[in-house]
2 protein chains.
Amino acid sequence: MATRTELPLRPSGPVVCCAPMAGGVLEAEDAGQLARAFKALGDPTRVRLLSLIATAEGGEACICNLTEPVGLSQPTVSHHMKLLVDAGLLTREQRGKWAYYTVVPAMFDQLSDALRLTR
Amino acid sequence: MATRTELPLRPSGPVVCCAPMAGGVLEAEDAGQLARAFKALGDPTRVRLLSLIATAEGGEACICNLTEPVGLSQPTVSHHMKLLVDAGLLTREQRGKWAYYTVVPAMFDQLSDALRLTR
DNA sequence: TCGATGCATCGACAGACGTCAATCAAAGGG
DNA sequence: CCCTTTGATTGACGTCTGTCGATGCATCGA
């Protein structure tokens with residue numbers, strides 16, 4: 001395809017996402033991929049959850065560590081976490097009774113690059 | 001803690017977005033600022049519009065240049081453009097009959113930085 | 001002055017979203 | 001084995017969002 005002036009899409013990347021944004025005009029599919037990820041970031045609660053996890057000891061946190069800080073019910077927090085995992089921003093690992101969540105740096109890198117207008 | 005892995009925001013940007021976030025977890029207000037901007041990016045049509053403008057001749061475009069590429073009605077395109085302007089991602093300038101839209105690089109820089117986990 | 005053009009606004013509507021209480025499922029501990 | 005703990009799922013709710021057609025408001029050309 002002719003589109004590839006910037007915000008390149010790594011076909012071989014570990015994470016499936018994103019070919020933006022100032023290069024050729026983004027086609028519908030690429031725009032959809034990007035928008036899906038950004039939509040997950042478009043809620044203040046989810047931004048706080050990500051911030052909490054990223055700054056937590058060991059870079060991980062379980063639901064029980066997150067419910068109180070954000071001041072929402074446990075089902076709501078679980079709901080947001082699922083969205084973040086589905087968006088590829090977090091990974092989930094079950095250890096015993098607890099579910100530990102960790103950020104996916106590669107995804108953040110890709111999104112960060114997607115917003116860079118200059119090469 | 002020692003390594004500052006967080007979702008930071010540059011407080012010194014020329015664009016009004018996002019208060020300085022003192023050291024650790026993002027507070028509610030800061031998270032809200034960030035989320036507002038990302039929410040504007042959370043729609044495929046808006047991502048395409050931004051891409052179209054960023055790659056356009058002279059870095060600007062009017063509604064009439066955007067309606068056909070995205071395949072939506074003029075009112076809908078105007079609606080999206082207003083959201084993008086309100087989010088600080090675009091500026092609008094009326095010249096004669098036409099309204100020209102341009103991207104705001106500083107805002108993209110800020111958001112890009114906010115997604116960087118490593119300092 | 002009149003008609004055409006470019007956009008914004010309005011009103012409406014279907015679908016998506018954020019939230020909660022209630023419930024369910026699995027893992028540990030006694 | 002129960003009973004507690006942790007977290008996911010379900011069902012319901014009010015609100016927000018994306019889209020359109022119709023309309024209003026400037027600006028320009030004739």
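Note: hydrogens, waters and symmetry copies are ignored here, and every other heavy atom, side chains too, is used.
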Salt bridge (charged side-chain N to carboxylate O under 4.0 Å, His left out) with K97(A): which residues, sequence neighbours excluded?
none

Please name all residues satisfying side chain to side chain contact (heavy atoms under 4.5 Å, CB included) with H80(A), sequence neighbours left out, ordered by chain then number.
D43(A), T45(A), R46(A), L49(A), T76(A)

d(NE2, H79(B); C1', dG11(C)) in whole Å:
14 Å

Hey, could you give me each pair passing ring pair (Phe, Tyr, Trp, His ring centres under 6.0 Å) that has a residue in residues 30-51 of chain A? Not counting sequence neighbours.
F38(A)-F38(B)

Name the pairs: protein N/O against N/O of nucleotides 12-15 of chain C, kept only if under 3.5 Å.
none

Show your reasoning for whether side chain to side chain contact (heavy atoms under 4.5 Å, CB included) applies to K82(B) and S78(B).
CA-CA 6 Å; K82(B) 176 172 171 48; S78(B) 278; over 6 Å; no

Does the side chain to side chain contact (heavy atoms under 4.5 Å, CB included) test come out yes or no for V103(B) and L90(B), once each step is laid out?
CA-CA 4 Å; V103(B) 298; L90(B) 291 179; 3.7 Å; yes

According to the ring pair (Phe, Tyr, Trp, His ring centres under 6.0 Å) rule, which pairs have a member within residues 93-119 of chain B, sequence neighbours left out?
none

Numerically ordered, the residues 80-87 of chain B set in heavy-atom contact under 4.0 Å with DNA chain C is K82(B)

Within one Ile-Leu-Val-Met-Phe-Trp-Tyr cluster: V85(A) and L89(A), side-chain cutoff 4.5 Å
yes

Hey, does Y100(B) reach any base, or is it just sugar-phosphate, or nothing, if we go heavy atoms under 4.0 Å?
nothing

Taking Q94(A) for its side chain and G96(A) for its backbone only, find out whether a donor-acceptor pair lies under 3.5 Å.
yes

NZ of K39(B) versus P of dA16(C): gap in Å, rounded?
17 Å

Just by distance, do the side chain of S112(B) and the backbone of S112(A) share a donor-acceptor pair under 3.5 Å?
yes

Assess the residue pair R36(A) and K39(A) against the criterion (side chain to side chain contact (heavy atoms under 4.5 Å, CB included)); give the C-alpha distance rounded to whole Å, side-chain angles, the decisive distance to 0.1 Å, and a yes or no.
CA-CA 5 Å; R36(A) 251 189 301 280; K39(A) 181 184 277 187; 5.8 Å; no

With E93(B), which residues qualify under side chain to side chain contact (heavy atoms under 4.5 Å, CB included), at least two apart?
R95(B)

Would you give the length of the straight line joining atom CD of Q110(B) to atom CG of L34(B), rounded to the nearest 0.5 angstrom?
9.0 Å

Pairwise side-chain contact, L52(B) with V70(B), heavy-atom cut-off 4.5 Å (strictly under)
yes

Just the table, please: protein N/O against nucleotides 22-30 of chain C N/O, every pair under 3.5 Å.
none

Go through the steps to decide whether L50(B) and L41(B) satisfy the test side chain to side chain contact (heavy atoms under 4.5 Å, CB included), and finish with yes or no.
CA-CA 9 Å; L50(B) 289 172; L41(B) 290 167; 3.4 Å; yes

What are the bounds, 5' to 3', of the part of DNA chain D that sits under 4.0 Å from heavy atoms of chain A?
dT5(D) to dT9(D)

Of all pairs that satisfy salt bridge (charged side-chain N to carboxylate O under 4.0 Å, His left out), the ones with a partner from residues 63-79 of chain A, not counting sequence neighbours:
none

Can you pull out the residues from residues 62-73 of chain B that lie within a 4.0 Å heavy-atom distance of DNA chain C?
C62(B), I63(B), C64(B)

